[in-house]
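Structure record follows, encoded as structure tokens.
Chain letters run A, B, ... following the sequence lines, proteins first and then strands; every chain starts at 1.
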Protein chains: 2
Amino acid sequence: MTDDGIATSRNTPATLHDVAREAGVSLATASRSLNGSTRKVNEEYRKRVLEAARRLDYSPNLSAQAVARGTTTTVALLVADIADPYFSSIAAGVVAEADRERLIVTMAATERDPERELELVRTLRGQRPRVMILAGSRPMSDPTGGALGEELEAYERSGGRVVLISRNEFDFRTVIVENSAGAESLARELVGIGYRRFAVITGGEGLRTAADRVAGFRAGLAATGGTLDDDDIIRAAFTRDGGYDGMRELIERGLGEVELVFAANDVMAVGALSAIRDAGLEPGTDVAVAGFDDIPTVRDVTPALTTVRVPLEEIGCRALRLALGDEEAANEGAVRTEVVLRPSTPPRS
Amino acid sequence: MTDDGIATSRNTPATLHDVAREAGVSLATASRSLNGSTRKVNEEYRKRVLEAARRLDYSPNLSAQAVARGTTTTVALLVADIADPYFSSIAAGVVAEADRERLIVTMAATERDPERELELVRTLRGQRPRVMILAGSRPMSDPTGGALGEELEAYERSGGRVVLISRNEFDFRTVIVENSAGAESLARELVGIGYRRFAVITGGEGLRTAADRVAGFRAGLAATGGTLDDDDIIRAAFTRDGGYDGMRELIERGLGEVELVFAANDVMAVGALSAIRDAGLEPGTDVAVAGFDDIPTVRDVTPALTTVRVPLEEIGCRALRLALGDEEAANEGAVRTEVVLRPSTPPRS
DNA sequence: CTGTTAGCGCTTTCAC
DNA sequence: GTGAAAGCGCTAACAG
């Protein structure tokens, strides 16, 4: 072993040991100077260590730190689909907040498959993340037979924090979105501007989020005299194509008296808009459309989409703060939503 | 220390040690049974270990494994903005491929700030990721004075692999996108359907990707007789709002003879569409618009947007395969793009 | 304030 | 085939 003491181009990163040797101090002193320790270090030594670290291009091995400290700086985020604007906006919020807290985010996609989700939670647990954030609702009846819940509980028992976004299936901290109340307000406002007969396109089989939105919408109609026949509730995939297909189905079977179609989220609503147009109808004029979420693109479709705004990035940010035990975040209550009327639902009469 | 031998609700995860004890075998045997070792383990022991692991709800500590093995199962991904569909689609591809390779992805956002990018690379290096993927072009003239390049080189020297997506600034493996050729084809096709006078809205100050697209577009026009005045090249932020602002500027100064506006990416084009409409003009009719990327939403705006398709998810996937040394990926050459004509550029005359 | 040393949880020689 | 033991890179008592 030729020890030339110079930063040669080795093919393994410099270790703290190398830095200590280079600086002529002990491991402990090197460690203390490089990372915020409570202990004070002689300014002279400190400088020498920092200088040596720079020379050797030292970068602390986070895995080793994690093992030694017994705690990581990692946050795990699970979403249904990264390319979906709903999730990517939430993710952006989580990543931004994590960055502020000098935490690192690892991300995985469940592709809306509960089995996969369980599998991912298991894998990710190996990282010993400080926090695990699960976004995206899953079926209300758990097809994995409670295995996910158990896994998450085990994770919390071992010191982790799980936060759910808009899915109150378990007893974990949750960022609650006013899905029901928001949809109810939307229904009221729509009736207020003259709509009476509605149809709904929603996600398949009792997804919690979707179900809440539909229930809220229904309640709003009930209170104000709007009509929604059970037959006019279409189920489809909770995606753009689902919205497209649902709308086409609705058109094919005949819109009848329906004046406005409420899609349980914006990506579906956008798909519905295209289906309407592809059927030779004029959205907004022949049939009005409303969505939920206020994803960025709904301002740019035509007609611009009426929706319920939910502050997606903020939700991501809050989820993390909640997990980190932020007092404020814990006391803020449900995330406020807000109805945004746009040309896709022009006032009627 | 009460050692009752039962999986009590401790508040620290079970270790391999615990499993070994529970199974009555040595640490080594437990390790060998749980992870694919070359060594053979007596079937009887193996079963006992697996059973014990299950009972204790054991999950291997990835950090510890990383330290012991000297290698991680992590991939780091840097993008400009997670909520931007261009990047989130690429990210989805990376995550999907990583999942296939049983790798974990950590993600960070540079927010288009070179300083931040450098900072993030430094931090992420601490993870000792096997691979680092950088997406999103940065200014051609490096404001960090080559520091990023040095950092990345140091990372590769220490055994990592960096892959750049569509940014050939350094000598690293790169997923090359036919930005120039794609834009050139687009120009040719547009001239082919009757357009003659063009304007361009592009990203600020020499972003590589933007510059290539504009250059290609220009070349296509030059070859076919289309006209693009230097005055009609507008610079704005490489975002939806940038596109909106750029278009508004163009309209305010007077479109003159301009028949078609080419935006250097789809999000800008979508913003431009809205600006046109907000100015009381009809996109497609009064002025045609074309973009680049073929992000999902461009099918749903009105009129649907002419663009150059680039297979975003595939790019993410390829980036990772390239990093992992996949022969095929290395030999596939540039990522093919394809012109997609849609109603935002109706045939003229 | 500094250095020695015993871990952290896991892998991997190396003997048996 | 199995186990004891020596690390991996780093931190945190613990003495000096």
Side-chain angles (χ1 to χ4, degrees), chain A residues 1 10-49 52-53 56-74 125-130 158-159, chain B residues 1 10-49 52-53 56-74 125-130 158-159:
Chain A
M1 162 177 149
R10 32 152 60 97
N11 104 69
T12 158
T15 71
L16 188 59
H17 194 105
D18 300 331
V19 175
R21 192 158 37 66
E22 172 89 0
V25 301
S26 76
L27 246 188
T29 299
S31 172
R32 294 198 269 253
S33 332
L34 251 16
N35 314 314
S37 161
T38 24
R39 316 286 295 259
K40 283 235 145 59
V41 170
N42 179 309
E43 191 47 36
E44 164 67 13
Y45 279 4
R46 238 182 68 86
K47 269 168 54 187
R48 260 165 53 195
V49 172
L56 298 180
D57 196 15
Y58 171 73
S59 161
N61 184 323
L62 295 184
S63 294
Q65 291 192 153
V67 175
R69 291 187 174 144
T71 160
T72 65
T73 57
T74 303
R125 196 142 87 81
Q127 288 199 75
R128 304 287 184 270
R130 284 244 266 269
S158 68
Chain B
M1 165 176 149
R10 31 152 58 100
N11 123 63
T12 158
T15 70
L16 188 59
H17 193 104
D18 300 331
V19 175
R21 191 157 38 64
E22 173 88 0
V25 301
S26 75
L27 246 186
T29 301
S31 172
R32 296 198 267 253
S33 325
L34 251 17
N35 316 313
S37 161
T38 23
R39 313 286 295 258
K40 283 234 144 58
V41 170
N42 179 311
E43 189 47 35
E44 164 66 14
Y45 279 5
R46 237 182 71 84
K47 267 168 56 186
R48 261 163 54 191
V49 171
L56 298 180
D57 196 15
Y58 171 74
S59 161
N61 183 323
L62 296 184
S63 295
Q65 290 192 154
V67 175
R69 299 212 248 247
T71 160
T72 66
T73 56
T74 302
R125 194 141 88 81
Q127 287 199 75
R128 304 286 184 271
R130 284 245 267 270
S158 69

* Asked: Are side-chain heavy atoms of A:R130 and A:T72 found at a separation under 4.5 Å?
  -> yes
* Could you say whether B:V41 or A:H17 is positioned toward the 5' end of DNA chain D, judged by the nucleotide with the nearest heavy atom to each? => B:V41
* Test for a donor-acceptor pair under 3.5 Å between the base of D:dG3 and the side chain of B:R32, counting only N and O atoms. => yes
* **Distance, rounded to the nearest Å, where A:L16 contributes CG and C:dG3 contributes P** => 13 Å
* Asked: Between the base of D:dG9 and the side chain of B:R128, is there any donor-acceptor pair under 3.5 Å?
  -> no
* Structure fact -> Per atom distances to the A:S31 side chain, the nearest of C:dC10, D:dG1, D:dT11 is D:dT11
* **Side chain of B:K40 (C-beta onward), nearest among D:dC10, C:dC1, D:dG1** => D:dG1
* Compare side-chain N and O positions of A:S26 against OP1 and OP2 of C:dT4 and report whether any pair is under 4.0 Å apart. => no
* Position toward the 5' end of DNA chain D (nearest nucleotide), A:Q65 or B:Y45 -> B:Y45
* To do: Round to the nearest Å and state the distance from A:Q127 atom CD to C:dC8 atom P.
  => 22 Å
* Structure fact -> Between B:L16 and B:Y58 the two heavy atoms that sit nearest each other are N-CE1, 3.4 Å
* In terms of side-chain heavy atoms of A:N61, which of D:dC10, D:dA4, C:dT11 is nearest? -> D:dC10
* Asked: Just how far, in rounded Å, is P of D:dG9 from CG of A:N35?
  -> 16 Å
* Length of the line joining B:R69:CZ and C:dT12:P, which is rounded to integer Å -> 6 Å
* Give the rounded distance in Å between these two atoms: CG of B:L62 and P of C:dC8. => 19 Å
* Could you tell me the separation between the CG atom of B:L34 and the P atom of C:dC10, rounded to a whole number of Å? => 9 Å
* **Minimum-distance nucleotide to B:T15 side chain [options: C:dG3, D:dG1, C:dC10]** => C:dC10
* To do: Just do the side chain to side chain contact (heavy atoms under 4.5 Å, CB included) check on A:R125 and B:D57 with the steps written out, would you?
  => CA-CA 11 Å; A:R125 196 142 87 81; B:D57 196 15; 3.0 Å; yes
* In whole angstrom, what separates A:N42's CG from C:dG3's P? -> 10 Å
